[in-house]
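In what follows, chains carry the letters A, B, and so on, assigned in the order in which the sequence lines appear, proteins first and then strands, with residues in each chain numbered from 1. As a basis for the values below, the full set of heavy atoms in this structure was taken, side chains included, without hydrogen atoms, waters or symmetry mates.
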Amino acid sequence: MANVSLRGLTKRYDGGVVALNHLSIDVADGEFLVLVGPSGCGKSTALKMIAGLEDASEGEIAIGDEVVTDLAARDRDIAMIFQSYALYPHMTVFDNIAFPLQIARVPKAEIKERVAKVAKTLQLEPYLARRPGKLSGGQRQRVAMGRAIIRQPALFLMDEPLSNLDAKLRVQMRSEIATIQKRLNVTTIYVTHDQVEAMTMGDRVALLNGGVLQQIDTPTNIYNRPANTFVASFIGSPSMNLFRGRLVRQGAEATLHLGSQSLAVPSSILADAPDGEIIIGIRPEDLEDAALVPNHPVNQRLRSKVLITESLGSDQMVHFAMDAPMAKVADHDLLDDLVVAEGVGVCIGRFDARSTARPGDIVEVAVASDRIHIFDAATGLAIR
Amino acid sequence: MATLSPSASTLTRPARRSRSGSKGARKYAHLWFVLPGLLFFLAFMIYPALFALYVSTTGWTGLGNEFPFVGLDNFAKALTAPTFYRAASNNLIMFAVILIVQHTIGLFLAVQLNAKPRFMEFYRTVLFLPVIFSLVATGFIWTLMLSPHIGFINPVLKDLGLGFLAKNWLSDITWALPTVIFVQAWQGLGWAVIIYLSGLQNIPEEMTQAAEIDGASAWQTFWRITFPMLSPATTALTILTFIGTFRAFDVVYVLTGPIGSPAGRTDILGTLIYRTAFGAAGQSSADVRMSYAIAMSLIVFGGMAIISGVMIKLLRRREIEG
Amino acid sequence: MTAITQTPPRRRPSKKRSRLIAGIGRQFVLILVSIIVLIPMLYMVLASFKSVADFFGNPYGLPSIWNWDNYSRAWADAHVSITLPNTIIVTGAAVIGSTVLAALIAFGLSRKDKPFAIGLYTLFVAGLLVPVHMIILPLFFMLKALGLFGTLFALILPYIALGLPLGVLILTPLAATIPRDLISAAEVDGATQWQIFWRVVLPLLKPGIISVAILNGTWMWNEFFIPLIVAFTPQSQTMPVGIVSFIGTYSTEWGLVFASVVIATAPIVFAYLLITRQFQSGLTAGAVKG
């Protein structure tokens, strides 16, 4: 078991493409760190570099107290679970799990004992004599787990291990992996593009985009205090509503102008935000049909036309028009304005199921304005 | 498990000892797997080939240590020698005839087998059987089968009252070459059947069924659907036949000897090069010149490489993109 | 609609009948061709039992006496007792050698992004075009200089080299289809490249290896030209050349010759009948690719 530290880890391909740009992270011993981000963000490259399957163009990797940057994968004392599971098709389940031990020339009797133990943990006992081709997706996933945990390595690396499973199995395996990791207490770096996995499994979540680390923090902090508009829009479903607006202060009063409408906001959330152009972020659950919260201050409401409603049973997603320009996050350092037809942006609110808002209605929307997020209009960085 | 030393926060930590060589060495590690084979290949293929190139520009006889430089004389001599063209044209006839046999009889038989008749496995096994026979065995079998008096063909013809058809097959000026070609075709037909058969089996049944539903007759279906779908098989077989017939040697050597009797009627490039290099009974030793033989084989090699390259290009053009 | 405008009532039975006729015709053609293929082979076997007198008196019938003597004489006089083991040793050693080397090369060159991979692959495959005629003479002098004349190595070593191009041609693309993750997994699991080759790559190349072994084994067993040039004594010859050299001395003893030919051919025919499918797919795989 060991801590891991990455220092300025960079991957540059021939032709100048930078897949990973100066990634520096410290992972504590026994920690479960999730690397998350959209496809092509560099998370898999980072994992492969930690594994020793790709060379680092720059930077340093240390596992435990040793620098392993230039070591081959086999010398790093790690175990890895691949998205494809990478089970050896010509070997039985037993041999697949035993492979790392056989390679390490562990005595036969001990191998047998350890495989039996792992197989019991993962409920693979009935399948030990089978080949991977004869197993279901979930069983294959367990065999891949078994091959990783049998070695008791210093570090687990997992590359989207659940993405080939169906939704129900994914939920089950999610908690199983988390449980096993906690019990073995082995440092784990887990790559996924699924924010639900990131939020539920990780002790901490590192969000990458375009090869650059956007934020690394606990899931709660990432959600509640996104460092920039990219993090804000990536985490959470539906995404945070991001609009360009103007901040105007008059003494202790502060007002946000969103298109033709305005919202009063408590100055506590504004910190040292400058007057003028800013980006305003509102999570859908911070919006509610004002008819259901009659006491909501009048100056913290928006008035808008409902475009679509989607009922989820427990609540409903209400899309309504906003005449403020949407701040669309296309790249980590480039904010594109997107104006929907006729200058109408779309805002999504998660309304209670009792709301009677229907498409075409004009509704009053209550905004929990103490939970509004404010970002710099030029850099997209959070102001708080 | 990794042993934990007291926590260190500095970046310069002891590097773990590598058992797999340095990063740079690992980049070229795959070449270790290539090396043993490459050594064999360099010693027994590349070196002799380069040496052949050198020798072809000398007047070396094959004996002694004299390598007088003669430039391209050997090549010029080969390209103006009537025997060279006679041999090449015999190869060409061989190629043409066998090609036609493969693409007609071979294809026909493959279609019959593809209809899955009874005993299909048996026929398939039998038709491919000659392919695994050595050309030497084939040559001997047919030498005896075709021998004028004690063989099989002539005595059978005689006993059927068809004695007038009996020939001195392998020493008859007219019949020697067709006979040699027949023996080669007999041996190679299995290729055509198996290659076409696997081509036919790769055609999805829905495709011919669709044509049938569209009202095409069996004949139309074959020419409009099946045959075009077989073009990869046609290409492979054509190239294979080309290389096979222009490299032929054994079968002629055994059937009609290294001088391609009678009167050079069955002489092909393989036998010509062989006896130019090593000599043969009934040939004056003045005609034996190693360097000349090597020059001829280089011409044949170059010609074959160019022609098969062109053929592949032309034939691939009509293949359907898969 | 079709019933009214087209189908006459008698069409169905007539179609059935025409199918029956086609089936009979098909069987007739196939039997005829099978006979043309099999008669010479049958004739070879019969001839191997015939005495000299039989050839003249009864050219195509059964032998008057089944003359096993031909076989014992082929074994001793025609040196089959020496050339048969030679052929087995040469073919076995060269097949194993060239297949293992080709598999190693295939693994080494399977990643196109590695230095020299494409260049070396092209070099090996280009060997397919080199005619034996061209290299046999330099080879002759080389083997002589190495002192390998008179030993089986004079055949085994060139055979291994000549077997490589087809092996590399078939196995390299196959090795390239092995998922990269599988190799990575083995690396992470602590395996050396060498262990990865033997424990992961080689087992997965098995179908290709069988093809390559059959392909090379067939020509090596039957090869005539190379031993004709470089092997002069029965002690260093394989069967095809042994038989041809022998016939120069005993040219009229056809029974003896055919007994030798039967012995030379039987092993490979048995192997073929045992695994017909692998032979057919293996040989055509090489032919179609080459």
Side-chain angles (χ1 to χ4, degrees), chain B residues 20 27-31 33-34 36-38 40-41 43-45 47-49 51-52 109 112 115 117 123 125-137 140-142 144-145 150-152 155-156 191 194-195 198 236 240 247 249-250 254 270 273 277 290 294 297-298 300-301 304-305, chain C residues 23 26-27 29-30 33-34 37-38 40 43-44 47 55-56 59-60 101-102 104-105 107-109 111 114-116 120 124 127 129-131 133-135 137-139 142 157-158 160-161 164 193 197 218 222 224-225 240 243-244 254 257 261 264-265 268-269 272 276 279-280 283-284 287-288:
Chain B
S20 310
K27 191 176 171 195
Y28 294 98
H30 67 291
L31 294 179
F33 289 87
V34 181
L38 187 65
F40 265 88
F41 198 67
F44 297 102
M45 197 96 177
Y47 170 73
F51 190 73
L109 292 173
Q112 302 314 310
Y123 293 131
T125 305
V126 166
L127 290 182
F128 196 69
L129 191 55
V131 169
I132 63 156
F133 267 58
S134 72
L135 282 156
V136 170
F140 276 130
I141 293 171
W142 284 100
L144 186 58
M145 293 277 291
I150 61 170
F152 178 86
V156 167
W191 282 120
I194 294 298
I195 290 175
S198 69
L240 188 70
R247 270 195 189 174
F249 168 73
D250 314 20
V254 175
I273 292 169
M290 193 64 90
I294 290 181
S297 69
L298 279 170
V300 174
F301 167 56
M304 276 173 62
Chain C
R26 185 170 288 136
Q27 288 292 336
V29 168
L30 289 170
V33 178
S34 299
V37 168
L38 285 176
Y43 183 74
M44 165 185 85
F55 279 101
F56 289 98
Y60 58 89
L101 290 180
L104 284 165
I105 296 168
F107 174 54
L109 302 182
R111 282 184 60 177
K114 293 270 189 170
F116 308 119
L120 284 169
F124 279 112
L129 284 173
V130 176
H133 288 128
M134 191 174 108
I135 60 164
L137 306 164
L139 213 50
M142 232 176 86
L157 300 183
I160 290 177
L164 287 178
Q193 292 297 306
F197 173 75
T218 306
N222 289 333
F224 172 68
F225 185 69
I243 297 166
V244 173
W254 283 107
V257 170
V261 173
T265 312
I268 199 164
V269 171
Y272 168 69
T276 311
F279 257 86
Q280 291 179 349
L283 288 172
T284 43
V288 171

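- Your options are B/Leu129, B/Leu127, B/Val300, B/Leu109, and the one with the most heavy-atom pairs under 4.5 Å with chain C is B/Leu129.
- Using a 4.5 Å cut-off between heavy atoms, B/Leu38 contacts chain C through both its backbone and its side chain.
- With respect to chain C, the highest number of heavy-atom pairs below 4.5 Å among B/Ala115, B/Ala49, B/Gly37 belongs to B/Gly37.
- Only the side chain of B/Tyr28 comes within less than 4.5 Å of a heavy atom in chain C; its backbone stays farther off.
- Heavy-atom distances place both the backbone and the side chain of B/Met145 under 4.5 Å from chain C.
- Both the backbone and the side chain of C/Ile268 have a heavy atom closer than 4.5 Å to some heavy atom of chain B.
- Put simply, of B/Pro36, B/Ala137, B/Ala29, B/Pro117, the one with the most heavy-atom pairs under 4.5 Å next to chain C is B/Pro117.
- Between the side chain of C/Asn222 and the backbone N or O of B/Ile132 there is at least one donor-acceptor pair closer than 3.5 Å.
- With a 4.5 angstrom heavy-atom cutoff, B/Leu31 touches chain C only via side-chain atoms.
- Contact annotation for B/Val136: only side-chain heavy atoms (C-beta onward) come within less than 4.5 Å of a heavy atom of chain C.
- Looking at C/Phe224, both its backbone and its side chain come within 4.5 Å of chain B, counting heavy atoms on both sides.
- The shortest non-hydrogen separation linking C/Arg26 to B/Gln112 is NE-OE1, 2.8 Å.
- Heavy atoms closer than 4.5 Å to chain C are found in both the backbone and the side chain of B/Phe133.
- The contact between C/Phe124 and chain B is made by backbone and side chain atoms together, counting heavy-atom distances below 4.5 Å.
- When all heavy atoms are compared, the tightest approach of B/Met45 to C/Val130 is CE-CB, 3.8 Å.
- Among the candidates C/Ser34, C/Pro40, C/Pro240, the residue making the largest number of heavy-atom pairs closer than 4.5 Å to chain B is C/Pro40.
- When every heavy atom of C/Pro138 is checked against every heavy atom of B/Ala52, the shortest pair comes out as CG-N, 4.0 Å.
- For C/Leu120, the part sitting under 4.5 Å from any heavy atom of chain B is the side chain, from C-beta outward, and nothing else.
- Nearest heavy-atom pair across B/Val34 and C/Gly108 is CG2-CA, 4.1 Å.
- Highest contact tally toward chain C, considering only B/Ala43, B/Gly151, B/Ala305, is held by B/Gly151 [criterion: heavy-atom pairs under 4.5 Å].
- Between the side chain of C/Tyr272 and the backbone N or O of B/Thr125 there is at least one donor-acceptor pair closer than 3.5 Å.
- Partners of B/Tyr123 under the ring pair (Phe, Tyr, Trp, His ring centres under 6.0 Å) rule, at least two apart in sequence or in another chain, do not exist in this structure.
- Between chain C and the residues B/Ile141, B/Leu298, B/Val254, the largest count of heavy-atom pairs under 4.5 Å involves B/Ile141.
- Both the backbone and the side chain of C/Val37 come within contact range of chain B, each with at least one heavy atom under 4.5 Å from a heavy atom of that chain.
- Here CE of C/Met44 is found 12.5 Å from CZ of B/Phe140. Values are rounded to the nearest 0.5 Å.
- Among the candidates C/Ala47, C/Pro115, C/Ala161, the residue making the largest number of heavy-atom pairs closer than 4.5 Å to chain B is C/Pro115.
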